[in-house]
Undergrad: 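Pasting a structure here, questions to come.
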Amino acid sequence: MSHERIELHGWDAQARAWHGPDEMAFSLRGCRDLLHKLQEVPGSWYGRLRAHAPGEMPLHIRASVHDLGDAGLAVLDIEGSPGGPMEIILVVPAQRRAKLRQDLAFEFVSFLRFVEGPESLGVEIAVHDYVERVLHEGGDPATLIFTVETLSITPDAHLPLSQQAEKLAASMIAWMAAKDGHGTEAGAACEPDRCRC
């Protein structure tokens, strides 16, 4: 399954700043179950992901995934955590960039404001302007992933949550590509590993 370049852009809630872009290698390793679940639904999926960090208790993550037509949106939260969700992911596939809504950055920030409540005060403009600029930059169209940490994450949860966010983003890319008629053999590329989706 061939993919265009994938750029990962991340918002750090504690530093209140963007990092990246980092080039992400496309891999569906460990995502077979999640990808099959996504392929069974027309536009939205809600469920649980389970992550294992060596020497730590399993981490149960609630997830929701939505195909918005021009992009994909996912919300991740750790069961029992106070406040809003832990991480929001916006995936903009290269094949859909030509049909992006003009106001996607504004709508994304509005959604963040809605789910974060007072936690997001003061960051809206920084998030909006960055997403808007990246979405409308020229050059060869890459698949774009924006991950926004909405709360400061404890160090023991950070790595497993980041791993699950990356797996979820890769699964969303394959799911939307198959729906768009690009790379329908996505499910065949999956390989199991220690961390189950």
Side-chain angles (χ1 to χ4, degrees), residues 3-31 34 49 51 53 59 61-68 70-78 81 83-94 96-97 100 104-117 119-137 139-176 195 197:
H3 282 280
E4 293 83 2
R5 191 168 44 86
I6 301 172
E7 287 184 4
L8 178 62
H9 303 259
W11 175 263
D12 183 315
Q14 189 167 9
R16 297 173 71 96
W18 285 97
H19 55 85
D22 297 310
E23 192 157 337
M24 186 176 120
F26 180 79
S27 172
L28 289 172
R29 183 178 167 93
C31 296
L34 177 56
L49 307 175
L59 191 63
I61 301 170
R62 292 201 178 273
S64 64
V65 178
H66 310 276
D67 184 346
L68 306 176
D70 55 352
L73 180 72
V75 179
L76 296 175
D77 198 13
I78 296 174
S81 66
M86 302 297 273
E87 192 159 349
I88 312 290
I89 304 167
L90 179 68
V91 178
V92 183
R96 294 186 177 188
R97 289 191 57 187
L100 280 181
L104 181 60
F106 176 77
E107 292 174 15
F108 180 58
V109 170
S110 297
F111 177 74
L112 289 173
R113 179 73 179 106
F114 174 74
V115 297
E116 287 185 81
E119 294 291 327
S120 68
L121 287 175
V123 303
E124 296 95 339
I125 292 175
V127 172
H128 173 273
D129 290 352
Y130 184 88
V131 172
E132 178 79 10
R133 180 181 57 77
V134 172
L135 287 176
H136 299 291
E137 280 178 343
D140 82 10
T143 291
L144 303 172
I145 301 171
F146 300 94
T147 63
V148 177
E149 288 179 359
T150 60
L151 301 167
S152 295
I153 300 169
T154 59
D156 60 330
H158 193 272
L159 181 61
L161 185 64
S162 295
Q163 289 171 337
Q164 288 301 315
E166 192 171 310
K167 289 179 180 204
L168 186 57
S171 298
M172 291 170 67
I173 291 168
W175 176 52
M176 290 185 282
C195 198
C197 289

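Just so you know, these numbers use all the heavy atoms, side chains as well, and skip hydrogens, waters and symmetry mates. Since we're looking at a predicted model, the values are computed, not measured.
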Undergrad: Run the ring-ring contact (aromatic ring centres under 6.0 Å, His included) test against F108 and tell me which residues pass, sequence neighbours left out.
TA: none

Undergrad: Measuring from atom CG of D77 to atom CG of L49, what distance do you get when rounded to the nearest 0.5 angstrom?
TA: 11.5 Å

Undergrad: Rounded at 0.5 Å granularity, tell me how far CD in E137 sits from CZ in R97.
TA: 8.0 Å

Undergrad: Looking at residues at least two apart in the chain, or sitting in another chain, which of them share a ring-ring contact (aromatic ring centres under 6.0 Å, His included) with F106?
TA: none

Undergrad: Heavy atoms only: give me the nearest K167-L34 pair and the separation to one decimal.
TA: O-CD2, 4.4 Å

Undergrad: If every non-hydrogen atom of A126 is compared with every non-hydrogen atom of W18, which pair is closest and at what distance?
TA: O-NE1, 3.5 Å

Undergrad: Please name the pair of heavy atoms, one in T143 and one in A94, separated by the smallest distance, quoted to 0.1 Å.
TA: OG1-N, 3.0 Å

Undergrad: When you compare the side chain of R16 with that of W11, does any pair of heavy atoms fall below 4.5 Å?
TA: yes

Undergrad: I'd like to check L135 versus F146 (side-chain heavy atoms, cut-off strictly below 4.5 Å). Are they in contact?
TA: yes

Undergrad: Apply side chain to side chain donor-acceptor pair (under 3.5 Å) to D70 and list each qualifying residue two or more places apart in sequence or on a separate chain.
TA: R101

Undergrad: By side-chain contact (heavy atoms from CB on, under 4.5 Å), which residues pair with D129, not counting sequence neighbours?
TA: I125

Undergrad: Got V92 and L100 here, is their nearest side-chain heavy-atom distance under 4.5 Å?
TA: yes

Undergrad: Quick one: side-chain contact (heavy atoms from CB on, under 4.5 Å) partners of A74, sequence neighbours excluded?
TA: V65, I89, L168, M172

Undergrad: Using the test ring-ring contact (aromatic ring centres under 6.0 Å, His included), find all partners of H66 that sit at least two apart in sequence or belong to another chain.
TA: Y46

Undergrad: Which atom names give the shortest non-hydrogen contact between F26 and A170, and what distance separates them?
TA: CE1-O, 3.5 Å

Undergrad: Could you pull out all residues at least two apart from R96 that satisfy side-chain contact (heavy atoms from CB on, under 4.5 Å)?
TA: D67, P93, K99, M176, K179, D180

Undergrad: Kindly write out the residues that satisfy ring-ring contact (aromatic ring centres under 6.0 Å, His included) with H128, not counting sequence neighbours, or none if the list is empty.
TA: none

Undergrad: Check side chain to side chain donor-acceptor pair (under 3.5 Å) between E23 and all other residues, then give those that pass, not counting sequence neighbours.
TA: none

Undergrad: Could you measure the distance from the CG atom of L90 to the OG1 atom of T147? Nearest 0.5 Å is fine.
TA: 10.5 Å

Undergrad: Please name the pair of heavy atoms, one in I145 and one in A169, separated by the smallest distance, quoted to 0.1 Å.
TA: CD1-CB, 3.8 Å

Undergrad: With sequence neighbours left out, what residues match E166 under side chain to side chain donor-acceptor pair (under 3.5 Å)?
TA: none

